[in-house]
Participant: 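Sharing a structure here in structure tokens format.
Everything numeric here is computed off the predicted structure, so don't read it as measured data.
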Amino acid sequence: MVWVPLSPTSSDHRAPLRTPSTTTMSLEWLMDWSWSLDGLRDFIATGIQSFRDCDATALVAVACLLVLFVWYCYHVGREQPRAYATVNALMQSAEVNGVQNGFVYCHSPECVRCSHHDGLNQKLYHNLQEYAKRYSWSGMGRIHKGIREQGRYLNSRPSIQKPEVFFLPDLPTMPYFSRDAQKHDVELLERNFQTILCEFETLYKAFSNCSLPQGWKMNSTPSGEWFTFYLVNQGMCVPRNCRRCPRTYRLLGSLRTCIGNNVFGNACISVLSPGTVIAEHYGPTNIRIRCHLGLKTPSNCELVVGGEPQCWAEGRCLLFDDSFLHTAFHEGAPEEGPRVVFMVDLWHPNVAAAERQALDFIFAPGR
């Protein structure tokens with residue numbers, strides 16, 4: 001094999017032929033020489049021989065490097081899937097337990113009740129300014145006042161009424177409202193009592209086949225079981241559930257005061273099993289009143305708002321302000337079956353039309 005130098009030497013004759021040592025091949029030698037195809041074959045053979053002649057120290061060093069490389073690849077490959085699984089486990093746990101619909105804080109960024117953060121007031125004020133630029137400041141005095149002094153209002157409220165997210169000042173305060181507060185919607189719901197009840201009974205049959213059918217959520221309670229089936233959840237329609245209750249969903253569109261365009265609006269079927277107690281809690285705001293249409297109301301079931309107890313009645317609506325401290329329980333016998341109400345959030349009767357439009361803009365889902 002003849003090796004040709006890459007550059008001329010200091011003398012005027014070519015460098016003598018030389019063969020690389022079988023025990024050492026320096027980087028300098030590799031850079032100074034080139035080889036032909038036949039030479040490459042001999043070079044590989046020489047390298048194999050060099051590896052065979054290598055001492056034990058070099059072999060140990062190479063082995064250690066290989067072990068470290070394999071460990072690194074294993075470590076990286078193991079850590080990535082584990083982090084992904086952890087995120088999915090948390091999401092599945094929240095979905096199964098339905099904590100975002102209960103009173104337990106879920107810390108979800110999508111949940112208006114549970115995503116408490118220091119910049120909330122600044123965000124609300126920014127939304128109000130954006131609304132005023134597009135439309136008008138007219139009639140925004142109370143909302144402006146509420147956002148500007150939100151911290152004082154929420155911290156200075158008596159313990160009996162403490163909305164957790166937004167307090168609108170100067171609204172009449174009472175735990176329960178008369179049926180005349182939203183007469184049109186109350187009468188419309190009561191006229192359609194049988195329609196809503198029939199769709200609920202069709203849904204509830206699925207509980208005989210599994211513990212928690214699709215579309216239902218289980219909420220956190222100190223004892224018993226509390227299930228909800230949402231048609232509208234925090235201003236967002238749940239299409240799959242609405243398709244299973246089409247007549248009830250269409251009914252929501254006929255209500256004049258239903259809150260359907262901001263995060264404080266909900267509509268759902270709420271089921272309490274016998275022996276269930278819902279812990280005392282506050283709603284997120286005082287701009288709404290919550291309406292319960294009784295579908296199934298066994299004995300020994302009560303709603304307590306601001307310390308005042310009331311009982312549901314089948315086919316009748318019960319209106320209350322859930323920003324007051326409230327709880328509900330079902331102490332009836334197991335054979336009496338669950339307590340079932342259709343729940344829908346309506347505007348507080350003293351929130352003006354201009355204010356409703358502004359609040360829909362400020363608290364629009366996803367804003």
Side-chain angles (χ1 to χ4, degrees), residues 90-117 119-121 123-124 127-128 131 143 146-147 150 154 162-168 185 214-221 226-245 248-249 251-253 255 257-271 278 281-292 320-324 326 328 341-348 351 355-367:
L90 289 173
M91 291 176 66
Q92 290 170 4
S93 175
E95 184 72 12
V96 171
N97 294 326
V99 292
Q100 67 267 34
N101 296 323
F103 53 85
V104 175
Y105 294 134
C106 65
H107 306 290
S108 167
E110 291 79 22
C111 181
V112 67
R113 292 187 56 185
C114 305
S115 57
H116 298 288
H117 54 86
L120 177 61
N121 286 357
K123 180 180 178 181
L124 296 182
N127 291 347
L128 175 60
Y131 173 84
I143 296 178
I147 294 176
Q150 195 64 204
L154 296 183
K162 279 193 174 182
E164 296 178 335
V165 179
F166 178 73
F167 178 80
L168 186 64
D185 290 351
Q214 191 177 52
W216 289 87
K217 292 184 180 294
M218 180 181 291
N219 300 280
S220 178
T221 57
W226 174 22
F227 303 102
T228 47
F229 187 86
Y230 277 83
L231 304 183
V232 178
N233 187 10
Q234 295 189 359
M236 298 290 290
C237 172
V238 185
R240 180 185 300 171
N241 290 359
C242 292
R243 285 193 293 267
R244 298 173 66 185
C245 299
T248 302
Y249 178 64
L251 178 64
L252 293 177
L255 300 176
T257 61
C258 176
I259 302 178
N261 298 317
N262 74 48
V263 295
F264 298 130
N266 302 273
C268 73
I269 296 173
S270 175
V271 178
I278 299 177
H281 61 287
Y282 302 96
T285 184
N286 66 328
I287 66 172
R288 72 186 187 190
I289 57 176
R290 180 152 282 184
C291 175
H292 280 185
F320 65 99
D321 184 344
D322 75 326
S323 67
F324 281 79
H326 64 283
V341 298
F342 178 62
M343 184 201 82
V344 58
D345 289 324
L346 308 175
W347 285 105
H348 189 292
V351 177
E355 291 176 320
R356 295 178 187 181
Q357 182 178 342
L359 290 169
D360 278 344
F361 182 90
I362 294 169
F363 291 102
R367 178 172 289 278

Participant: Applying side chain to side chain donor-acceptor pair (under 3.5 Å), run through S270 and W226 and close with a yes or a no.
Facilitator: CA-CA 7 Å; S270 175; W226 174 22; 3.0 Å; yes
Participant: Checking side-chain contact (heavy atoms from CB on, under 4.5 Å) for the pair F227/K217: CA distance, chi angles, key distance, verdict?
Facilitator: CA-CA 6 Å; F227 303 102; K217 292 184 180 294; over 6 Å; no
Participant: Give me the atom names and distance for the closest heavy-atom approach of C237 to P239.
Facilitator: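 That closest heavy-atom pairing would be O-CD, 3.2 Å.
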Participant: Quick check: do V351 and L168 have side-chain heavy atoms less than 4.5 Å from each other?
Facilitator: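 Yes; the side chains approach each other to less than 4.5 Å.
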Participant: Given 3.5 Å as the limit, does a donor-acceptor pair link the side chain of Q150 with the main chain of F167, or not?
Facilitator: yes
Participant: To the nearest 0.5 Å, tell me how far E355 CD sits from I362 CD1.
Facilitator: 10.0 Å
Participant: Got a sec, which residues hit ring-ring contact (aromatic ring centres under 6.0 Å, His included) with F361, two or more places apart in sequence or on another chain?
Facilitator: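 Applying ring-ring contact (aromatic ring centres under 6.0 Å, His included) to F361 gives Y131.
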Participant: Mind checking whether V344 and L252 have side chains closer than 4.5 Å, heavy atoms only?
Facilitator: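 The answer is yes, as the side chains (C-beta and beyond) meet within the 4.5 Å cut-off.
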Participant: Looking at CG of N241 and CG of L231, how far apart are the two atoms once the value is rounded to the nearest 0.5 Å?
Facilitator: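 Taking CG in N241 and CG in L231, the distance rounds to 6.5 Å.
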Participant: Please round to the nearest 0.5 Å and tell me the distance separating atom CD1 of I143 and atom CG of L124.
Facilitator: 10.5 Å
Participant: Atom CZ in F264, atom OG in S323: separation rounded to 0.5 Å?
Facilitator: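 One gets 11.0 Å once the value is rounded to the nearest 0.5 Å.
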Participant: Keeping the roles fixed (side chain from D185, backbone from L255), state whether a donor-acceptor pair exists under 3.5 Å.
Facilitator: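 Judged by distance alone, no pair lies under 3.5 Å.
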Participant: If you draw a 6.0 Å radius around OH in Y249, do more than 12 non-hydrogen atoms from other residues or ligands fall strictly inside?
Facilitator: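 Result for OH/Y249: open.
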Participant: F166 vs F363, test: ring pair (Phe, Tyr, Trp, His ring centres under 6.0 Å). Steps then yes/no.
Facilitator: CA-CA 10 Å; F166 178 73; F363 291 102; 5.2 Å; yes
Participant: Provide the closest heavy-atom pair for P365 versus M236 in the form atom of the first, atom of the second, distance.
Facilitator: CB-SD, 3.4 Å
Participant: Can the ring centroids of H292 and F320 be said to lie less than 6.0 angstrom from one another?
Facilitator: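 Yes, they do, as the ring centres are separated by less than 6.0 Å.
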Participant: Give a yes or no on this: more than 12 heavy atoms of other residues, nucleotides or ligands lie within 6.0 Å of atom CE of M343.
Facilitator: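 Above 12, so yes.
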Participant: Rounded to the nearest 0.5 Å, what separates atom CG in N233 from atom CG in N266?
Facilitator: 5.5 Å
Participant: Is there side-chain contact between F229 and R244, with heavy atoms separated by less than 4.5 Å?
Facilitator: yes
Participant: R356 and H348: which non-hydrogen atoms are nearest, and at how many Å?
Facilitator: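 Scanning both residues completely, I find the closest heavy atoms to be NH2-O, 3.8 Å.
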Participant: Using the test side chain to side chain donor-acceptor pair (under 3.5 Å), find all partners of D322 that sit at least two apart in sequence or belong to another chain.
Facilitator: R288
Participant: CG of D345 to CD1 of I289: how many Å apart, nearest 0.5 Å?
Facilitator: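 Those atoms lie 9.5 Å apart.
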Participant: Could you tell me whether the side chain of T228 reaches within less than 4.5 Å of the side chain of W216, counting heavy atoms only?
Facilitator: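 Heavy-atom side-chain distance check fails, nothing below 4.5 Å.
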Participant: Please examine the side chains of W347 and I287, heavy atoms only from C-beta on, and report whether any two atoms are closer than 4.5 Å.
Facilitator: yes
